[in-house]
Structures are given as structure tokens and as C-alpha cells.
Amino acid sequence: MTIRPSAVTLAAVLTLGLTATPLIAQGNLGNPAALTEQAPATYKARFDTSKGVFVIDVRREWAPVGADRFYNLVKNGFYDENRFFRVISGFMVQFGINGNPQVSTPWRNAQIKDDPVKQSNKRGFVTFAKTGAPNSRSTQFYINYGDNSTLDPQGFAPFGQVISGMEAVDKLYTYGKSNVPDQSMISAEGNAYLQRDYPKLDFIKKATIEK
């Protein structure tokens, strides 16, 4: 799934670690159909990154389909060693393409249905990316840096909010709006491509569901 927007075209298109992920699909990550557990009504996801820790408070009532998908991905280690590949100051940071092509490939077509938009894309709110087509969310999501409420009527439904560590999110390295990694190359080569051509990108060390 190619999700490569600008601030203007985000509705038409709205995603890794120090070492390359072994080229095997670990656990159930190679089988999206196996990861469909319903999430708790509320839960917190902790992201330990190269710039520090941030915590996302997820509210299932805001966007239940998105909250369930996010819960399963975090719980099973999907985001570990993912890079923050699209960082646009004042707009948002986008990530969520697994660094192992054998993992990312089956997820490209594992889209979920849209949720109604109940919250606004304001600073710190967390939302799944999509291509602009209906029911096109998969694994990529973004954290809003500013007030992006113009995205609300375009169907981007927030499912959570950063409740601590937003200062770490603000510090993520950016190559600028016009020098963003090619998502098809990330899907094809994973972390190897990003480490070679975009070595300064920050990354997720580990993401976990907090008890």
C-alpha cells in the first residue's frame, strides 16, 4: 500500500531500528488474519524510541476498528525497529511500515474498515493513514504536530492521543518535506534501504502495551 501524501494531498495518500530485522516473519506477524483480538476499552501503548519515550492513550470508543488493529500490531511487536520515515515539522510524523519485507508484504493488503470520525486531528492525536479510498487503512499511522482538523472531514479518525513524551515526538529527525523516503522501496528492502539512504532517521526500539 503506497501512502505518500503532502499536507495538501494527504486524503489522496497519507510510516524502523539500528540493525536490520532478520528476514523471517516472526510469530503471527506474517499472518494478519491471526491478529484480530478485540482491544480493551482503554489501553496505553508505550514507544521507546531513539529520542526518548512517548505513551499513547487509546480509547476504543473513538475508533474501535482502528484501536483493535493498533492493539494487535503493538502487542505482537510489529512496530519494533520501525523508523519514523516521514517527519514534517508543524504537520505530522508518519510511520508503520515494518522493516522486514517478509512481514510488511502480507500487511499491505490487510486493510480494515473505516471508523466514523469522532475526535479531531489536533496536536498529539494519533490516526491511521489511508490512501484516500474507502477502507484502506492498514498499519501506517501518524501523530499530529499541529491542528490538522482539516483532515477530519476527509475521514481520518483519531483513535488515541499522546499523553506523555510529546517532547520526544517533537525532536524526531526530519529530512524535510521534499526529501521523504520512497515507500515502495521501504516495502521492498525494509530497514536496509533506510539505513543506507536515510541513516539519520529516528526509530522505535520497542513498542509495548502497558499493563
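The analysis underlying the following values was restricted to heavy atoms, covering all of them including side chains, and did not include hydrogens, waters or symmetry mates. All residue numbers refer to positions in the sequence shown, counting from 1.
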Practice task
List the atom of A168, the atom of V53, and the distance in Å for their closest heavy-atom pair.
Solution key: CB-O, 4.2 Å
Exercise for the section: Taking D68 for its side chain and Q38 for its backbone only, find out whether a donor-acceptor pair lies under 3.5 Å. Expected result: no
Practice task
Indicate yes or no for a side-chain donor-acceptor contact from R137 to the backbone of K113 under 3.5 Å, with no hydrogens or angles considered.
Solution key: yes
Handout entry: Contact check, side chains of T49 and F84, non-hydrogen atoms, under 4.5 Å
Key = yes
Practice task
Check whether the ring centres of F141 and Y79 lie less than 6.0 Å apart, and answer yes or no.
Solution key: yes
Completion exercise
Sorted by chain and number, sequence neighbours left out, salt bridge (charged side-chain N to carboxylate O under 4.0 Å, His left out) with K51 holds for D202
Handout entry: Ion pair D147/K122, N-O distance below 4.0 Å
Key = no
Exercise for the section: Taking the side chain as every heavy atom from C-beta outward, state whether W107 and L73 have any pair of such atoms under 4.5 Å apart. Expected result: yes
Handout entry: From CA spacing to verdict: side chain to side chain contact (heavy atoms under 4.5 Å, CB included), I88, Y145
Key = CA-CA 8 Å; I88 301 177; Y145 276 142; 6.0 Å; no
Practice task
Go through the structure and list residues passing ring pair (Phe, Tyr, Trp, His ring centres under 6.0 Å) with Y175, not counting sequence neighbours.
Solution key: Y173, Y198
Problem - Beyond-backbone contact of N72 with K75, side-chain heavy atoms, under 4.5 angstrom - result: no
Practice task
For residues V117 and P158, report the shortest heavy-atom separation together with the two atoms involved.
Solution key: CG1-CD, 4.4 Å
Handout entry: Single-linkage hydrophobic cluster, 4.5 Å side-chain cutoff, F70 and V65 together
Key = no
Practice task
Let me see the working for D197 and M185 under side chain to side chain contact (heavy atoms under 4.5 Å, CB included), right down to the final yes or no.
Solution key: CA-CA 11 Å; D197 292 358; M185 289 291 292; 5.6 Å; no
Exercise for the section: Please round to the nearest 0.5 Å and tell me the distance separating atom CG of N121 and atom CD1 of I143. Expected result: 12.0 Å
Exercise for the section: Indicate yes or no for a side-chain donor-acceptor contact from D80 to the backbone of K205 under 3.5 Å, with no hydrogens or angles considered. Expected result: no
Problem - Same apolar cluster: Y142 and F91, side chain cutoff 4.5 Å - result: yes
Practice task
Measure across P116 and A157 and return the closest heavy-atom pair with its distance rounded to 0.1 Å.
Solution key: O-CB, 3.7 Å
Exercise for the section: Compare all side-chain heavy atoms of E189 with those of R196 and state whether any distance is below 4.5 angstrom. Expected result: yes
Problem - Any side-chain heavy-atom pair of N31 and P106 under 4.5 Å - result: no
Problem - Side-chain touch P181/L194, heavy atoms, less than 4.5 angstrom - result: yes
Practice task
Quick one: closest heavy-atom pair of R60 and A67, and the distance?
Solution key: CA-CB, 3.8 Å
Practice task
Kindly say whether R108 contributes a backbone atom to a donor-acceptor pair with the side chain of Q111 at under 3.5 angstrom?
Solution key: yes
Practice task
First locate atom CD of Q195, then atom CG of L201, and finally report the distance between them rounded to the nearest 0.5 Å.
Solution key: 10.0 Å
Problem - Inter-residue atom distance I56.CD1 - E210.CD, 0.5 Å rounding - result: 11.0 Å
Exercise for the section: Assess whether side chain to side chain contact (heavy atoms under 4.5 Å, CB included) is satisfied between D170 and R123, documenting all intermediate values. Expected result: CA-CA 11 Å; D170 287 333; R123 174 171 168 78; 2.7 Å; yes
Completion exercise
P101 and A188 have their tightest heavy-atom pair at CG-O, 3.4 Å
Exercise for the section: Please answer whether the main-chain N or O of I209 pairs with a side-chain N or O of Y71 as donor and acceptor at a distance below 3.5 Å. Expected result: no
Handout entry: Any donor-acceptor pair under 3.5 Å from D152 side chain to S120 backbone
Key = no
Exercise for the section: Verify the cluster assignment for V55 and V58: are they in a single hydrophobic cluster under the rule of side-chain heavy atoms below 4.5 Å apart? Expected result: no
Practice task
Is it possible for you to say whether I204 and F159 belong to one hydrophobic cluster, with membership spreading through side-chain heavy-atom contacts below 4.5 Å?
Solution key: yes
Practice task
Could you tell me whether the side chain of Y193 and the main chain of S187 form a donor-acceptor pair under 3.5 Å?
Solution key: no
Handout entry: Under 3.5 Å: donor-acceptor pair, side chain of N191, backbone of N100
Key = no
Handout entry: salt bridge (charged side-chain N to carboxylate O under 4.0 Å, His left out) against D48, all qualifying residues, sequence neighbours excluded
Key = none
Exercise for the section: Could you tell me whether a side-chain N or O of N76 sits under 3.5 Å from a main-chain N or O of L35, the two making a donor and an acceptor? Expected result: no
Practice task
Please round to the nearest 0.5 Å and tell me the distance separating atom OG1 of T42 and atom CZ of R59.
Solution key: 5.5 Å
Handout entry: Single-linkage hydrophobic cluster F125~V162, side-chain heavy atoms < 4.5 angstrom
Key = no
Practice task
State the OG1-CG distance between T127 and L151, to the nearest 0.5 angstrom.
Solution key: 8.0 Å
Completion exercise
Here the gap from I97 atom CD1 to F78 atom CZ, rounded to the nearest 0.5 Å, amounts to 8.5 Å
Practice task
Answer yes or no: is there a donor N or O on one side and an acceptor on the other, between the side chain of K44 and the main chain of I163, under 3.5 Å?
Solution key: no
